[in-house]
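Below: the structure, in structure tokens.
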Amino acid sequence: MSAATVYSFPTTHALSSGLSDFVEHLSSDAIKKHDRFTVAVSGGSLPKLLSADLRHNSRIDFSKWHIFFADERCVPLDHPDSNYAELKTQLLDHIAEQIQPSHVHPINQALIEDPEEAAEDYMDQLKDLFAAKDSVKFPVFDLILLGMGPDGHTCSLFPGHPLLHEHLKWVAEITDSPKPPPNRITLTFSVLNHAHNIAFVTAGEGKQEMVQRILEGQGEELPCQLVNPVHGKLVWFVDDAAAGKLRVVRPVAYKL
Ligand SMILES: O=C1O[C@H](COP(=O)(O)O)[C@@H](O)[C@H](O)[C@H]1O
């Protein structure tokens with residue numbers, strides 16, 4: 001995997017605060033450059049770690065944000081398994097007066113019974129924002145926020161799954177996810193790797209072995225190791241517990 005900067009924090013509280021500063025910095029840079037901030041957010045433990053501090057950050061102009069989902073489970077938007085529902089609880093409900101509803105892009109709920117159609121529809125949503133010109137090969141997000149599953153999966157890209165070799169689609173369907181629910185849609189590596197910035201966010205002792213395998217291991221093809229930005233920057237936000245087994249990669253303290 002390409003050289004990543006690893007930021008480690010003594011507690012998840014400190015991690016959330018550092019992450020909020022990081023996102024604020026990227027958001028303000030992107031808004032200065034192109035008057036908007038495009039971000040894709042994962043589910044699982046990420047929305048909580050992301051939002052604890054961010055939702056109180058009054059220096060951010062959320063009205064310029066366009067929020068997509070790095071992956072989504074094919075369930076209703078108010079289902080406990082929905083990544084959108086979790087982000088809504090953790091962040092969107094807290095910034096509802098600042099964010100424009102049309103700038104938040106959940107999966108089309110009418111299509112959850114047909115993951116292939118749901119994925120195509122999601123690609124159309126991306127095209128509406130990113131591909132005003134036909135020449136756009138892949139959407140280029142200002143930031144993609146990724147989680148890391150204990151098996152090394154990220155988004156809904158699982159170890160050994162054929163989707164690891166999907167290079168054409170922007171959004172793919174998966175109907176045999178080893179982690180329930182089985183039906184999902186996910187951004188592909190082609191989209192992930194074209195982002196300006198990618199941040200993995202993970203915490204807890206339960207993740208330390210996999211963090212070490214991903215960042216220091218060799219000869220494996222774990223999904224998180226296939227995240228290699230073409231031109232962008234790759235960073236990890238972890239707590240000291242998750243960084244506990246790193247021996248070669250030296251985590252650094254986060255500084256703007
Ligand atoms: O199923 C999923 O899992 C991953 C990892 O979740 P975590 O709870 O171990 O952090 C998550 O990044 C992904 O978005 C989600 O759909």
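Note that ligands are numbered from 1 as they come in the structure, with each ligand's atoms numbered from 1 the same way. Positions are given from 1, in the same order as the sequence printed here.
Residues V191 and V230 do not share a hydrophobic cluster, clusters being chains of Ile/Leu/Val/Met/Phe/Trp/Tyr side chains in contact below 4.5 Å.
Of the residues listed (L163, L164, N228), the one engaging F189 in a side chain to side chain contact (heavy atoms under 4.5 Å, CB included) is L164, and it is the only one. Only one option out of L46, I95, L91 pairs with S51 in a side chain to side chain contact (heavy atoms under 4.5 Å, CB included); it is L91.
If you number the atoms of ligand 1 from 1 as listed, the ones under 4.0 Å from a heavy atom of S42 come out as 12 (O), 14 (O). For ligand 1, the atoms lying closer than 4.0 Å to a non-hydrogen atom of M148 are 9 (O). Each of the following atoms of ligand 1 lies closer than 4.0 Å to a heavy atom of R184: 1 (O), 2 (C), 16 (O). Atoms of ligand 1 found under 4.0 Å from any heavy atom of C155, numbered from 1 in the order shown, are 13 (C).
Residue pairs meeting the salt bridge (charged side-chain N to carboxylate O under 4.0 Å, His left out) criterion with at least one partner in residues 47-58, sequence neighbours excluded, are absent.
When K48, R73, E86, H153 are ranked by how near their heavy atoms come to atom 4 (C) of ligand 1, first place goes to H153.
Heavy atoms of E72 stay at 4.0 angstrom or farther from ligand 1. Residue-ligand proximity: D71 is placed with a non-hydrogen atom under 4.0 Å from ligand 1.
Counting heavy atoms closer than 4.0 Å to ligand 1, residue N83 contributes side-chain atoms (C-beta onward) but none from N, CA, C or O. Neither the backbone nor the side chain of A70 comes within contact range of ligand 1; no heavy atom lies under 4.0 Å.
The closest donor-acceptor contact from the side chain of N197 to the backbone of D142 lies under 3.5 Å.
In this structure, the side chains of I67 and L87 come closer than 4.5 Å at one or more pairs of heavy atoms.
Scanning all protein heavy atoms for the shortest distance to atom 8 (O) of ligand 1 gives S45 N, 3.0 Å. In terms of protein heavy-atom proximity, atom 9 (O) of ligand 1 is closest to K207 NZ, 2.9 Å. Among protein heavy atoms, atom 12 (O) of ligand 1 sits closest to G147 CA, 3.5 Å. Nearest protein heavy-atom contact of atom 11 (C) of ligand 1 is G43 O, 3.8 Å.
Side-chain atoms of Q212 and Q208 include no donor-acceptor pair closer than 3.5 Å.
Environment of CD in E209: sparse, with no more than 12 heavy atoms of neighbouring residues, nucleotides or ligands closer than 6.0 Å.
Aromatic pair F62/F37: ring centres not closer than 6.0 Å.
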